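Model, not experiment: these values are computed from the prediction.
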Amino acid sequence: MSESIKSFSATYDIARRRFRSAADAAGLPIQTYVHPLQDPLLPEAAVDVVRIGPKLASKVLFVTSGVHGTELTTGSGAQLPLMEIFAEDLPTNTAVVLIHAVNPVGCARLTRTDENNVDPNRNLPKSFATLPENPEYNALHAALCPDDWEGGRAAAERTIADYVTKKGDQALIQDVLRGQYSHPDGLFYGGLEESWTIKNLTRIIKAQSEGASQLAIVDIHTGVGPYGFGEVMRMDRPAIAGAEWEKIGNLVCDVLDRAEAPLPPIKIILEFGTYAFDRVLNALRADNWLRHHGELHTPQGRQIKANLRDALFADDPRWLDDIVRQTVECCHATLAEMQTIEVAMEA
């Protein structure tokens, strides 16, 4: 196993301190964007941005962590080796921008969504006036998000099981993951207006894209797919038929379209598998119930948070090593593709 597995942290607070310390040690400036909503019982919720490379680079690669707060420690652990690698060696006229804890309230609270239960990765539609419907989710909402998590779930579980029997596991994954805009208390809720998270990320992307002709993003996530495998989801291309993410839209990657770079952007979600989808989904369901009906500071609340953390992060040396290796490979491949596009455009 490589030394890189030591870059992962147990909590957002520790991950943030290590990210900032690494930037300071490398002599890299940090820009910080503090969220206006703070919880006095929790660490400061803030986005930290570190740029490696020239201020007016023609090619800029963004690497983001913590779009979903539950996945911050994985993304942050991958960003630390990237900081070390790219601080020593970068292609000419290229910058790498590491954005730590995109959704800082979700990271501080160890929850997927933001302060308003909005999923940032469903909160970037072209227009909030014409939001897509998700009738499949609507039919499952009451079962996915029951009022009683302890004693009243039997009927809810039967409803979900019947759906899987009729349509299959893949349909459940696709229909739930695609997001919805009808249930503010539900899973994968995209919101009815732009969130602070997306507004702030837009501000960061625009500021860091000044003078650039070509942009790319690698957005790090966990929870879907084979254990330890990093699926490179090209959101700048048509989805692979039958893929879990085939129906998903309104994603954070699309924020690159708001910058004024002339070349088409490269948009990548790098999704690392953890455990079976039903385990991940049940952990998210329990956390949603806790948010709307439960009490965090109880044995049950603490157990739900522990189960959520463990469903989205595998504290296994081999898994951690795989995350770093594949993230580094993906970023190097993306930079090489950017160089190829630039050469082709000049020819």
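With sequence neighbours excluded, no residue forms a salt bridge (Lys or Arg N to Asp or Glu O under 4.0 Å) with Asp315. Residues that satisfy the side-chain hydrogen bond (donor to acceptor under 3.5 Å, both in side chains) test with Asp39, not counting sequence neighbours, are absent from this structure. The salt bridge (Lys or Arg N to Asp or Glu O under 4.0 Å) check on Arg51 picks up nothing, with sequence neighbours excluded. The side chain to side chain contact (heavy atoms under 4.5 Å, CB included) test applied to Ala239 returns Trp245, Glu246, not counting sequence neighbours. Residues meeting the salt bridge (Lys or Arg N to Asp or Glu O under 4.0 Å) test with Glu260, sequence neighbours left out: none. By the side chain to side chain contact (heavy atoms under 4.5 Å, CB included) test, Pro54 pairs with Ala57, sequence neighbours left out. Shown here are the side-chain hydrogen bond (donor to acceptor under 3.5 Å, both in side chains) partners of Tyr137, two or more places apart in sequence or in another chain: His141. Residues that satisfy the ring pair (Phe, Tyr, Trp, His ring centres under 6.0 Å) test with His292, not counting sequence neighbours, are absent from this structure. Under the salt bridge (Lys or Arg N to Asp or Glu O under 4.0 Å) criterion, Asp162 pairs with no residue at all, not counting sequence neighbours. In this structure Gln326 satisfies the side-chain hydrogen bond (donor to acceptor under 3.5 Å, both in side chains) test with no other residue, sequence neighbours excluded. Qualifying side-chain hydrogen bond (donor to acceptor under 3.5 Å, both in side chains) partners for Thr334, counting only residues two or more places apart in sequence or in other chains: none.
When all heavy atoms of Cys107 and Gly66 are compared, the pair lying nearest together is SG-O, 3.7 Å. When all heavy atoms of Asn250 and Tyr181 are compared, the closest pair comes out as ND2-OH, 2.7 Å.
A distance below 6.0 Å separates the ring centres of Tyr227 and Tyr275. If you look at His293 and Trp149, their ring centroids are not closer than 6.0 Å. Between His332 and Phe86, the distance separating the two ring centers is shorter than 6.0 angstrom.
By the 6.0 Å and 45° rule, Arg285 does not stack over the aromatic ring of Trp289. A cation-pi contact, defined as under 6.0 Å to the ring centre and within 45° of the axis, is absent between Arg16 and Phe19.
For the side-chain contact (heavy atoms from CB on, under 4.5 Å) with Asp287, the qualifying choice from Thr111, Thr113, Asn282, Leu110 is Thr111, the only one to do so.
Remark: Lys267 engages Asp257 in a salt bridge, criterion side-chain N to carboxylate O under 4.0 Å. Residues Asp148 and Arg153 are not paired through a salt bridge, judged by the lack of any N-O separation under 4.0 Å between the basic side chain and the carboxylate. In this structure, Glu71 pairs ionically with Arg112, as a charged nitrogen and a carboxylate oxygen lie closer than 4.0 Å.
For residues 202-218, the set of pairs meeting the salt bridge (charged side-chain N to carboxylate O under 4.0 Å, His left out) definition, not counting sequence neighbours, is empty.
Side-chain contact between Val50 and His100 is absent, with no heavy-atom pair separated by less than 4.5 Å.
A distance-only check finds no donor-acceptor pair linking the side chain of Ser58 to the backbone of Ala212 [under 3.5 Å].
Classification of the His35-Trp196 ring pair by plane angle, with boundaries at 30° and 60°, yields tilted.
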